[in-house]
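Quick notes on the structure that follows.
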Amino acid sequence: MAALSVALTGNPNTGKSTIFNELTGARQKIGNWPGVTVDKKVGVIEHNGRKISVIDLPGTYSINARSQEEQVVSDYFKENKPDIVVNIIDASNIARNLFLTVQLMENGIPLILNLNMMDEAERHGIKIDMKKLEAAFGMPVTNTVGRSNKSVRKLLDVFTNAVMTNYEPSKLIKEHIERVHKIEQSGLAASKVEEKIISARYDLIDKIMASAVTVNATGKTLTDKLDSYLANGVTSIVLMIAAFYLMFQISFNWIGQPLADLVGEFFDETLVPWAAESMEAAGVEGWMQSLVSDGIIAGVGAVINFVPLIFTLFIILSFLDGTGYMARVAFIMDPIMRRAGLSGKSIMPLMMGFGCAVPAIMANRALDTHKDRMISIFVTPFITCNAKVPIIALFAAMFFPDNVANVVFAMYFLGIITAIVMAKVLSSTMFKEQQSTFLLELPPYRLPDIKTVLLEAWDKGKGYLIKAGTIIFAMSVIIWFLSNFNSDGMTEDMDESYLASIGSTTSVLFAPQGFDTWEAGAAAVTGILAKEAVVSTMGILYGADEDAVDTDDAEGTAEVLNETGMAAAFTPLSALAFMVFSLLYSPCMTALGTVKKEAQGFKWMAFVFFYTTAVAWVASLIVYQGGKLLGFE
């Protein structure tokens, strides 16, 4: 018996993904639709001896192809004819959800209408006569409580028993479609035609609601009460900041970072020594030992070390999104973000950038338009992530010991201002022909389904691990080779390595900024691999004991490096210029790999590398030369 193909479609926040996860569990494949970063989710299950392939289409309010999600859904139904299409409806918001239903039926797509969240509808005083609704549309109607596995599993019987060819639109639907055809052929301007069709759809929805749905007022809901604090006034901003602060503390201090430290200790204190001892015992050549230990294992470790942070952050974000709170954050910030050429939803990826650019760049896939996604991806690297802090703290402690806090704050502020300015520049130049739209639904607050939260976090974290990991793995090997070889072969003196030669060549670019030593040039190069590498590279190149260079102890490291002569290589002004350059130039290779994945092209990865580096070069030039003009040198 041939496999049955089932497509799930519906508005965002209808519980569609929860139903998909309940049906398919871990038996799903996650990818991207061709040409876009929107998730493509497919699961295969077996029921009553029949294989069922279920595809979870992106949540969308219409199929007008104005956003990536709408385009995906529209293209899918043009190019595919699944055996069954299930339109998931939030029963507590049935009138709004039926707009998509009507559009799908206008396009001749036979549907099964599934009323989800029936328990919430009843709490809101909404009663739906399923028989009358079925008669009004001429299609089967089912109902579920999304988080109830037993309720959702009943859909499998519906799938295997349904024969969609036996259903055809009702008389009411046929009359509506005929009305739409007449409007399309009326010869009116396109905008007027669209306006009249939308009006006709709502007329139809009003008729169906009047015949099949009864709404009894239940007074002020819990959502209304919470929104008076969480989505309105100054209180909402204070609570939002508190929520983000708590999220970052959990991700980067309380849970995520301690787990990352354990992973790092495992690689540094267990895996690397074990590999070195095993290879030495096996008589492996020294260069191969170094490649495996310092190149391959260190490279893989650099990726895996981020994984606890990534997963912790994504679990929290998925949980907050499931509660409905993230929609309120976008609503609160939209008026502010509009001034920078972005929508309110862009604030979340930018704020995540304070932790790590990788999950921040990945989070941009939640934005509504291509313009917002691309601009936000391009400006996120300017935000001061955790990996840049050791550089800033080290140079502040060495050259501005009496104003460390002020200098660090200034660097954070500079990153934010640069991101905002460049967002406005990109919006007015590269993307001036594209429009930003901000269609936002404020869903009711609800307790998210933990299974869905964990699966979403796994999907996003797995993508980081696989895609970004391959690039940083390769770059780790390349950097190892450059720092251990020259034209005569392997060298133990890093001063004579290819990396030193590259550093010397690179340093010429920084003569106008006052830090044109080859050590500074080499540190800038290794900083592309990982920003933390700037501090350790400085320590190694200036002759400090590697064990004495601690990226978590800026003051102690500053004291060690002061004794090596590094302090003589910089003036306070050139040190400030170096800090500005390190803050703003190219993100690390993991982040660049993520840009390539999310923006879908090496050309955009290259663009981010060169344009951020150019901005950093100009900014550091202004700092140094401007400081000299003002007499600070």
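All residue numbers in this chain count up from 1 along the given sequence.
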Does a donor on one side chain sit under 3.5 Å from an acceptor on the other, for [X] and [Y]?
X: N116; Y: T14; answer: no
X: D372; Y: S343; answer: yes
X: Y445; Y: D227; answer: yes
X: S427; Y: K371; answer: yes
X: D203; Y: H176; answer: no
X: D56; Y: S17; answer: yes

Taking only Lys NZ, Arg NE, NH1 and NH2, and the carboxylate oxygens of Asp or Glu, determine whether [X] and [Y] approach each other closer than 4.0 Å.
X: E134; Y: K131; result: no
X: E598; Y: R373; result: no
X: R446; Y: E120; result: yes

Would a 4.5 Å heavy-atom cut-off, applied to side chains only, mark [X] and [Y] as touching?
X: H370; Y: M374; value: yes
X: D157; Y: N48; value: yes
X: L350; Y: M337; value: yes
X: L317; Y: D321; value: no
X: T323; Y: L447; value: no

*asked:* Test side chain to side chain contact (heavy atoms under 4.5 Å, CB included) on E195 and I198; report intermediate values, then the result.
replied: CA-CA 5 Å; E195 182 183 319; I198 289 173; 6.0 Å; no
*Relative to F602, does K596 satisfy both conditions: NZ or CZ under 6.0 angstrom from the six-membered ring centre, and within 45 degrees of the ring's axis?*
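The answer is yes; both the distance and angle limits are met.
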*Pairs touching residues 190-211 that satisfy ring pair (Phe, Tyr, Trp, His ring centres under 6.0 Å), sequence neighbours left out*: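 The answer is F99-Y202.
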*Going through the distances and angles, do I19 and N114 end up as a side chain to side chain contact (heavy atoms under 4.5 Å, CB included)?*
CA-CA 11 Å; I19 288 176; N114 181 71; 3.8 Å; yes
*asked:* Before you tell me yes or no, could you show the steps for I112 and M139 under side chain to side chain contact (heavy atoms under 4.5 Å, CB included), namely the whole-Å CA-CA distance, both residues' side-chain angles and the distance that decides it to 0.1 Å?
replied: CA-CA 6 Å; I112 291 177; M139 62 183 178; over 6 Å; no
*asked:* Run I375 and L342 through side chain to side chain contact (heavy atoms under 4.5 Å, CB included) and show every step you take.
replied: CA-CA 8 Å; I375 293 177; L342 294 169; 3.6 Å; yes
*asked:* Working to the nearest 0.5 angstrom, can you tell me the gap between S428 OG and L426 CG?
replied: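 Between S428 OG and L426 CG, I get 9.0 Å after rounding to 0.5 Å.
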*asked:* Among residues at least two apart in sequence or on other chains, which ones pass ring-ring contact (aromatic ring centres under 6.0 Å, His included) with F382?
replied: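 F382: ring-ring contact (aromatic ring centres under 6.0 Å, His included) contacts with Y611.
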*Does the side-chain hydrogen bond (donor to acceptor under 3.5 Å, both in side chains) test come out yes or no for N87 and T9, once each step is laid out?*
CA-CA 5 Å; N87 183 198; T9 188; 5.3 Å; no
*asked:* Has T452 got a side-chain atom pairing as donor or acceptor with P448's backbone, closer than 3.5 angstrom?
replied: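 Not at all, since once roles are kept as given, no pair shorter than 3.5 Å links the two residues.
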*asked:* Under a 3.5 Å distance rule, please check whether K16 uses its side chain to pair with a backbone N or O of L57 as donor and acceptor.
replied: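 Between the backbone of L57 and the side chain of K16 there is a qualifying donor-acceptor contact (under 3.5 Å).
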_Applying salt bridge (charged side-chain N to carboxylate O under 4.0 Å, His left out), can you list everything that pairs with K174, at least two apart in sequence or on another chain?_
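K174 satisfies salt bridge (charged side-chain N to carboxylate O under 4.0 Å, His left out) with E168 once adjacent residues are dropped.
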*asked:* Does D83 form a side-chain hydrogen bond (donor to acceptor under 3.5 Å, both in side chains) with S5? I'd like the steps, not just the answer.
replied: CA-CA 5 Å; D83 298 310; S5 59; 3.2 Å; yes
*Between V85 and P82, which heavy-atom pair has the shortest distance, and what is it?*
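Here V85 and P82 meet closest at CG2-CG, 3.6 Å.
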*asked:* Quick one, E22 with R153, criterion salt bridge (Lys or Arg N to Asp or Glu O under 4.0 Å). Give me CA distance, side-chain angles, the key distance, then yes/no.
replied: CA-CA 8 Å; E22 288 292 347; R153 300 291 292 184; over 6 Å; no
